[in-house]
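A short worksheet on the structure shown next.
Protein chains get the first letters and strands the later ones, always in sequence-line order, with residue 1 at the start of each.
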Number of protein chains: 2
Amino acid sequence: MAYLQSMPKSETIKLREKHIGAACQMFFRSNPLKIVRGIAQFMYDESGERYLDCINNVAHVGHCHPHVVEAGRNQMSLISTNNRYLHDDMVILAKRLVKTMPEPLSVCFFVNSGSEANDLALRLARIHTKRKDVITLDHAYHGHLTSMIEVSPYKLNLPGGPEKPEWVHVAPVPDVYRGKYTYPMDSKSERELGRMYADEVGKLCRLAQSNGGGVCAFIAESLQSCGGQIIPPESYLKNTYKHVREAGGVCIADEVQVGFGRVGTHMWAFETQHVIPDIVTVGKPMGNGHPVAAVITTPEIAKSFADTGVEYFNTYGGNPVSCAIANAVLDVIEEERLMERAFRVGNHLLNRCEGLKHRHSLVGDVRGRGLFVGVELVTDRETRTPATAEAKHVINRMREEKILISRDGPDSNVLKFKPPMVFGIQDADRLVDTLDRVLAELDGARISKITLEVRVTPIDDASSKDTLRSNSKQALKAI
Amino acid sequence: MAYLQSMPKSETIKLREKHIGAACQMFFRSNPLKIVRGIAQFMYDESGERYLDCINNVAHVGHCHPHVVEAGRNQMSLISTNNRYLHDDMVILAKRLVKTMPEPLSVCFFVNSGSEANDLALRLARIHTKRKDVITLDHAYHGHLTSMIEVSPYKLNLPGGPEKPEWVHVAPVPDVYRGKYTYPMDSKSERELGRMYADEVGKLCRLAQSNGGGVCAFIAESLQSCGGQIIPPESYLKNTYKHVREAGGVCIADEVQVGFGRVGTHMWAFETQHVIPDIVTVGKPMGNGHPVAAVITTPEIAKSFADTGVEYFNTYGGNPVSCAIANAVLDVIEEERLMERAFRVGNHLLNRCEGLKHRHSLVGDVRGRGLFVGVELVTDRETRTPATAEAKHVINRMREEKILISRDGPDSNVLKFKPPMVFGIQDADRLVDTLDRVLAELDGARISKITLEVRVTPIDDASSKDTLRSNSKQALKAI
């Protein structure tokens, strides 16, 4: 059929510009990639060029995993209808998901996307608590829906973003490197920092109570992804959940990005913080690219919802194909021991990135859990000034080297690695070796720029360290 | 693998009760169906029993159409990633969709469900008009998301439903059979009725303006599905859109249920009303069961969105598999001339249902366009009193006859037919013949009940027509 024929990339770009909303995000907009094939941790462009995919956490068990493709294909040819009928795949998936969760998380709702899951989570919380106020973390992103943008400072903080509703309270990100309370600058123990950040949520709980409404819910990614690959300090969620529950609110763990074993030690990232949420949302990796997501909650909260008498219906949510695919993804995670692999390869990757810190002053912080890793670039380690332009440069250079990484955080200076879980030691080595080389080029660029500055600026103490640093910072802004 | 083994239905029910939210809708809850297979317009339960599917408008080109399954399967094994990369299938789908729409509807956004599409539509309208107030139709349903329930009186009207926000204005459903203005009771021409209903929207526009905010958007299904298969009178949308636009609002046509040729004469139901919306949302049939949906709008509105600088990203929206499947659905609609078929079979079905009116006084109204048909049951044709219990009985009896139909409308008394578009003349005949038989049983039941009433009630004029009718009504309520 005509539509199956491929067209030149220029034609694809032309059609995209004409018929797809310009607001839609695109990587490398000035020279975008056309990706036509994916296998495991690799993606291929239209010319057959192979890219190492270090960011596609959706392709969790690897691009086009044959077991997942087969499951989708089989079920597609059997039946795909809505969940107003019974189907084994749905209840089996529910049972298997629940088995991975701590008690009393045992009731599922299936939906099509992480956004839909978070929307339903908030709706459940509202109905259960009969309250409206929500506490969210600064820079958090919970989805593209109207209701989610309202609790996503990642969008609210943008110049053209919508206004924050009065019932949304923004707590500081528990970022111990560049947040409100840092380590070791503030000379506190990690546990103490966790308590201090949690107390900030406690303050907001009291604020919401004094406003009259009281807290409905606290929603947070268990490890904040869009905020810049943030690993909260020990005890943070434990203390935070305590504050929220004492105020009568429920705790929602958004595991859409970080769930399904990515952290290596546990299936769910909230487990690394030793808490049990009231509502958990899962998505992206769940279908390895297929649109499927879920909300898992307690029988008590599910009952509050049912008691309204208002039925819930989601046309595709929990359809047999989505469930068969999600079941197949769980099979692969188990059979290929991908969680253990994430632990092993993730630790190797972290250690190797840690090594970069000794070689490049640009590398300010390295953090992560399993295959969720962030490398924060700074122009000055003392002031921890974000190296935004440098991060952008690194992303583009890595793409030239056929390695796809991205950056995030409020200053877009955190390099982000969240590869498919089939990522191997060799892949990690290639990633870090190349990054090492690219950072070295940047060191070189910095030196030449600094020399240039020194040459053109007739300052007496040009050779002093301070001026050199200040000049170098100015110069780097221009890169 | 263990999970692929089927389990006894009782076990499926037990697991569903334990692990799936009780708020989730289920057909025939006391004795639900377990559906394991679908082919064209038929579904099969676990015992191999075959059901004629008269309601699954999502399985638009027929359950498990091989061309669609093949397209999904092929693309699933090639690549499924997000639309931050270029892909031909997405731009081709956009081009093809746009080709079916009138100018200036030419810019697409791909999402995963009708709910997500309507949410984005409203967001686009808000950003473009910088206003908030929305006019919606009574009994309308636009999706399960928080933002959609706010504009869905179908949910707001329920006893346990949430409160209607003040910025939502509810216009009467343009139901000429049992609505505010009816035909021929009010002795008006259809065109005049259309104007009268549109004037109701005009009044709300003025109300919104006097409140200070002004109208952001009018959102309506082009033919209201959840409201009870409503066919608006001629000139309704034309006059309504005029009012809304004069007030500075935009017009959103929700084609999620009624689009893709179902009405037989046109690809989109709004075309039957000779209007051009500013934003169109499409969904359900688009992926024949696969979660894919879209928003199509004007370059002007898309530009307002892009101009905010806030990028839009939907993880699965427009992924290559969803687009390949949607392209395959368009292929089948074209190649099998399903729109023409909907016209031919739909007209036959309508005519045959019209015939039932002469044989059963329960049948109050028969209406439809193509394969979107409603049969409204009433206990009294003069007062047009809804026959709710009878409609429920009919649904259950038809299920016993292995025919799946449903009911809708504020009084749940409208039998609803919206079968896969491969539905044939023979299927229509079987549906109507069986319905004829079931209605005849009900006539019998009515008579025996009436006799019973007459026997036990010693009224003098028991034989008079009036008392007989009143008794019969009472008796029927008890059925």
| said: With chain A as the partner, which of B/L86, B/L122, B/I13 has the greatest number of non-hydrogen pairs under 4.5 Å? | reply: B/L86
| query | Take atom CD in A/E300; do more than 12 heavy atoms of anything else shown fall under 6.0 Å from it? | reply | no
| request: Answer yes or no: is there a side-chain heavy-atom contact under 4.5 Å between A/S322 and A/M286? | output: no
| Residue part contacting chain A, namely of B/N112, when any heavy atom lies under 4.5 Å | both
| query | Do A/I79 and A/H87 have side-chain heavy atoms sitting under 4.5 Å apart? | reply | yes
| field | Which portion of A/V98 sits near chain B, non-hydrogen atoms under 4.5 angstrom | value | side chain
| request: Measure distances from A/I325 to the heavy atoms of chain B and classify the residue's part below 4.5 Å as side chain, backbone, both or neither. | output: side chain
| query | Using non-hydrogen atoms only, which part of B/V295 is less than 4.5 Å away from chain A: side chain, backbone, both, or neither? | reply | neither
| Could A/R73 and A/E70 be called an ion pair, given the rule that one side-chain N must be under 4.0 Å from one carboxylate O? | yes
| note | Under 4.5 Å to a heavy atom of chain A? For B/Y316 that would be side chain
| query | Counting heavy-atom pairs under 4.5 Å to chain B, which of A/K284, A/R126, A/K155, A/R29 comes out on top? | reply | A/K284
| note | Note: vs chain A, highest number of non-hydrogen pairs under 4.5 angstrom among B/E46, B/M90, B/K34, B/H144 is B/H144
| message | Counting heavy-atom pairs under 4.5 Å with chain A, which one of B/H63, B/K18, B/M43, B/K9 comes out on top? | response | B/M43
| query | Any salt bridge between B/R84 and B/E311, counting N to O under 4.0 Å? | reply | no
| task | Heavy-atom distances under 4.5 Å only: say whether A/L158 touches chain B with side chain, backbone, both or neither. | result | side chain
| said: So for A/Y141, is it side chain, backbone, both, or neither that comes closer than 4.5 Å to the heavy atoms of chain B? | reply: side chain
| query | Quick one: what part of B/N83 sits under 4.5 Å from any heavy atom of chain A, side chain, backbone, both or neither? | reply | both
| Any sub-3.5 Å donor-acceptor pair from A/N82's side-chain atoms to A/G317's backbone N or O? | no
| Under 4.5 Å from any heavy atom of chain B - which part of A/F110 | side chain
| message | Could you check whether any side-chain heavy atom of B/N31 comes within less than 4.5 Å of a side-chain heavy atom of B/R399, counting everything from C-beta outward? | response | yes
| task | Nearest 0.5 Å please: distance from the SG atom of B/C108 over to the CZ atom of A/R16. | result | 11.5 Å
| field | Sub-4.5 Å side-chain heavy-atom contact between A/I127 and A/D307 | value | no
| said: Using a 4.5 angstrom heavy-atom cutoff, name the option from A/L78, A/T12, A/V69 with the most pairs to chain B. | reply: A/L78
| task | Check whether A/N74 gets within reach of chain B through its side chain, its backbone, both or neither, counting any heavy atom under 4.5 Å. | result | neither
| field | chain B contact via A/H65 - side chain, backbone, both or neither, heavy atoms under 4.5 Å | value | neither
| request: Side chain from CB out, backbone as N, CA, C, O: work out which of these in B/L404 comes under 4.5 Å of a heavy atom of chain A, or both, or neither. | output: side chain
| field | Residue, of B/T308, B/T297, B/L145, that accumulates the most heavy atom pairs under 4.5 Å with chain A | value | B/L145
| request: State, with a plain yes or no, whether a side-chain heavy atom of B/L33 is found less than 4.5 Å away from one of B/F28. | output: yes
| In Å, rounded to the nearest 0.5 Å, how long is the span from CG of A/L15 to OG of A/S10? | 10.0 Å
| Residue part contacting chain A, namely of B/I149, when any heavy atom lies under 4.5 Å | side chain
| message | So for B/V58, is it side chain, backbone, both, or neither that comes closer than 4.5 Å to the heavy atoms of chain A? | response | side chain
| said: Heavy-atom cut-off 4.5 Å, strictly under: side chain, backbone, both or neither for B/V111 against chain A? | reply: neither
| request: Under 4.5 Å heavy-atom distance to chain A, tell me which part of B/P291 shows up: side chain, backbone, both or neither. | output: both
| said: Could you check whether any side-chain N or O of A/D119 sits under 3.5 Å from a backbone N or O of A/S115, counting only pairs where one atom can act as donor and the other as acceptor? | reply: no
| task | Please look at A/I296 and chain B and tell me whether the side chain, the backbone, both or neither of the residue comes under 4.5 angstrom of a heavy atom of that chain. | result | neither
| task | Among the options A/A94, A/S77, A/S147, pick out the one with the most heavy-atom pairs lying under 4.5 Å from chain B. | result | A/S77
| query | Of all of B/A302, B/S113, B/G309, which one pairs up most often with chain A through heavy atoms under 4.5 Å apart? | reply | B/S113
| message | Let's test your reading of the structure: which of B/A22, B/S80, B/S106 forms the most heavy-atom pairs below 4.5 Å with chain A? | response | B/S106
| Carboxylate-amine/guanidinium contact B/E11 B/K14, below 4.0 Å | yes
